[in-house]
Amino acid sequence: TRYSQGLQSALWDRNSRNYAFVLFEGKIQIIELDNRDRHFTIALPVDNATQFESDSQSENLFFLKDQSLYELAIQ
C-alpha cells in the first residue's frame, strides 16, 4: 500500500480491529481501518520514536525515543 514506504512497525488495536497503530518515519499514528467511505489518520504527539508497543488492552503505548522509554495513555 502507499503506507508501506517509511513504515517501521504496526500493531492492531486489541480492543477494536477497526484501528491500527503504526510507527511511520519516527511518528506514531492511529489509522482507521473500517468500511466507511473515509479513513482517518490521527497523528500522536510523538516524534523521533524508534520502537513502540501497546499494553494488553491497547490503553497505553510505550515507545523509545532518544534512548529513553516513554508511556502515552490512549483514551
Side-chain angles (χ1 to χ4, degrees):
T1 70
R2 66 180 186 263
Y3 296 112
S4 63
Q5 188 174 357
L7 180 68
Q8 295 168 265
S9 182
L11 299 170
W12 289 108
D13 180 344
R14 293 180 175 107
N15 288 324
S16 168
R17 296 292 182 189
N18 291 333
Y19 300 93
F21 302 109
V22 297
L23 179 58
F24 183 80
E25 297 180 348
K27 298 177 183 186
I28 299 175
Q29 301 173 345
I30 301 172
I31 298 176
E32 183 182 44
L33 302 172
D34 63 10
N35 293 328
R36 293 182 285 195
D37 293 337
R38 303 194 75 200
H39 297 279
F40 293 101
T41 300
I42 301 167
L44 299 179
V46 176
D47 289 325
N48 302 317
T50 56
Q51 296 179 30
F52 81 113
E53 185 63 63
S54 66
D55 64 9
S56 63
Q57 298 299 313
S58 295
E59 294 175 350
N60 297 289
L61 291 178
F62 304 92
F63 60 93
L64 291 175
K65 175 182 172 178
D66 301 324
Q67 298 180 337
S68 296
L69 179 64
Y70 295 88
E71 178 180 5
L72 180 66
I74 304 297
Q75 298 180 1

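Because only heavy atoms are used, hydrogens play no part in the values below, and waters and symmetry mates are left out as well, while side chains stay in. Not measured: the values here are computed from a predicted model.
The two atoms that bring S54 and L61 nearest to each other are CB-CD2, 3.6 Å, heavy atoms only. Nearest heavy atom pair, residue A73 against residue N60, reads CA-OD1, 3.4 Å.
For the side-chain contact (heavy atoms from CB on, under 4.5 Å) criterion with V46, the lone passing option out of F52, Y70, F63 is F63. Checked options I31, I42, D13; the residue passing with F21 is D13 (criterion: side-chain contact (heavy atoms from CB on, under 4.5 Å)).
Annotation: the span from I28 atom CD1 to K65 atom NZ amounts to 10.0 Å, rounded to 0.5 Å. Atom CG of L23 sits about 7.5 Å away from atom OG1 of T50, to the nearest 0.5 Å. Between atom CG of residue L64 and atom CG of residue N48 there is a gap of 12.5 Å, rounded to the nearest 0.5 Å. Atom-to-atom distance recorded for W12:CH2 and N18:CG is 9.0 Å, nearest 0.5 angstrom. We find the CD-OG1 distance between E32 and T41 to be 8.5 Å, quoted to the nearest 0.5 Å.
Between the Q8 side chain and the E25 main chain, a donor and an acceptor come within less than 3.5 Å of each other.
There is no path of hydrophobic side-chain contacts, each under 4.5 Å, that joins F62 to L44.
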